[in-house]
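Please read the structure below before turning to the comments.
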Protein chains: 2
Amino acid sequence: MSGYELAKTFDSSIGFFWKADHQQIYRELSKLRDRGHIQGHEVVQSGKPNKLVYTLTQEGRAALRHWGARPSSPPMMKDDLLVRLCALDSFDIEPLRADLMARLEHHRDRYARYERILNKLFPDGKATSVADTGKLLGLRIGLRHEQAVAEWCEEAIETLAAVAKPAPVLLLEDTSRESNG
Amino acid sequence: MSGYELAKTFDSSIGFFWKADHQQIYRELSKLRDRGHIQGHEVVQSGKPNKLVYTLTQEGRAALRHWGARPSSPPMMKDDLLVRLCALDSFDIEPLRADLMARLEHHRDRYARYERILNKLFPDGKATSVADTGKLLGLRIGLRHEQAVAEWCEEAIETLAAVAKPAPVLLLEDTSRESNG
DNA sequence: CCCGTTATTTACCGTAACGCGAAAAAGTCA
DNA sequence: TGACTTTTTCGCGTTACGGTAAATAACGGG
């Protein structure tokens, strides 16, 4: 593909778990070209400026296979929210709860989105080709992740609600002798 | 705390989802000091060189609260593995399976570790203070995440095994007339 | 007194990954 | 002409890191 096409299709494929704007894509393409991993061929177009379509070279394909055989290291889940939880008593609870509710919505949305894609691409839940198997597995981990995090958000929201206004039971036991101190 | 103490205690607290070596810690401490968010006080020690213990200033505490009230953006899960799944047909399956098995072990280990910490810190599963509530929630999302990913790893390993040697059923139906093509 | 070790901090040098804002080049359409 | 799309590029910056090593201070052993 060309850089422009990559930039446009990025969001609907890998974009779910990796961001890149067009600048970065062009930059990486340049690097790969310099290393001889890809090669650009100008494709003449009518009605538009010509585009530079890149294709993998032999060395590029070999490098890709080699990269694919390297062990991956499980990524850190760098999340502001988790840092806040580590020192929860230093923060205000209310904005955190609001944040969690936004997150809950986000993860539910994502879940629904993945589910829709799954039903569309794999109505019977089975992949036919190797490439499809990979995409199916990607969707599966996406679904699992979003569900787990969404459930946790619900739990966290409840927990924080209890923290925000603590021990209502005790207040109900005997309200006649104590005022809101 | 001092930079040295922070570096030592980092791994057993936030270190589960955020890495930082001592250099980065010292660097960040310098930045924070330059911004007036923390202040260093030399503490004389006997038997060791003196240390520089940092404490939050008024502005630092305010900045922290302010930061804590900002909405967080859900982090990307940048994972090599997911990229490989996106183009599964360009890679060799075997090293991927090996990778997945290592990952499975890793996530199971993590799960067990979190479980141990949970049982130690919260034997009854309940937090008493606000700070503890945060730590408990941190453990909970850790457990949920590790379990989800570990289960997915099992699924993925099985799926890839089926891809590696496809359709064994057909071979079993009638082995008398066909050899291993 | 030199030496090795631990604790504590700092300096210096690099890089990968990224964002911002702009602009260049080529073509269309009003 | 001017505005707008497509396609690519440039030049600037930052953040976040990693590596290696050194400086500083105190201890203890030979």
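Reckoned from all heavy atoms, side chains included, excluding hydrogens, waters and symmetry mates. Every chain is numbered from 1, with letters handed out A, B, ... down the list of sequences.
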Is any side-chain heavy atom of Arg84(A) less than 4.5 Å from a side-chain heavy atom of Asp99(A)? yes
Would you mind reading off the distance between Asn50(B) atom CG and dA23(D) atom C1', rounded to a whole angstrom? 15 Å
Quick check: does any side chain N or O of Thr57(A) sit under 3.5 Å from a backbone N or O of Gly36(A), one acting as donor and the other as acceptor? yes
Looking at every strand, decide which applies to Ser30(A) at a 4.0 Å heavy-atom threshold: base, sugar-phosphate, or nothing. nothing
Taking only Lys NZ, Arg NE, NH1 and NH2, and the carboxylate oxygens of Asp or Glu, determine whether Glu146(A) and Arg113(A) approach each other closer than 4.0 Å. no
Rounding to a whole Å, what distance do you find between His41(B):NE2 and dT8(C):P? 18 Å
Tell me whether the OP1 or OP2 atom of dT7(D) has a side-chain N or O from Gln45(A) closer than 4.0 Å. yes
Hey, which of these two, Gly47(A) or Glu28(A), hits DNA chain C nearer its 5' end, going by closest nucleotide? Glu28(A)
Under 4.0 Å between a side-chain N or O of Ser46(A) and OP1 or OP2 of dG27(C)? no
Main chain of Gln24(B), side chain of Asp21(B): is a donor-acceptor contact present, judged purely on distance under 3.5 Å? yes
Nearest to the side chain of Arg33(B) - dT8(D), dT10(C), dT8(C)? dT10(C)
Quickly work out the Lys31(A) NZ to dT9(D) C1' distance and round it to whole Å. 16 Å
Reading DNA chain C from 5' onward, which residue's closest nucleotide shows up sooner: Pro49(A) or Leu52(B)? Leu52(B)
Just the rounded figure in Å: distance from C1' of dA16(C) to CG of Leu32(A). 14 Å
Whether Phe91(A) and Trp67(B) hold their rings parallel, tilted or perpendicular, with breakpoints at 30° and 60°: tilted
Hydrophobic cluster membership, with links at side-chain heavy-atom distances under 4.5 Å among I/L/V/M/F/W/Y: are Leu88(B) and Ile141(A) in one? yes
Is it the case that more than 12 heavy atoms not belonging to Glu5(A) sit under 6.0 Å from its CD atom? yes
Could you state the NZ-P distance from Lys48(B) to dT8(C), rounded to the nearest angstrom? 5 Å
To the nearest angstrom, the CG-C1' distance between Leu29(A) and dT7(D) comes to 12 Å
The correct set of residues in residues 4-27 of chain B placing a heavy atom under 4.0 Å from DNA chain D is Asp21(B), His22(B), Gln23(B), Gln24(B), Arg27(B)
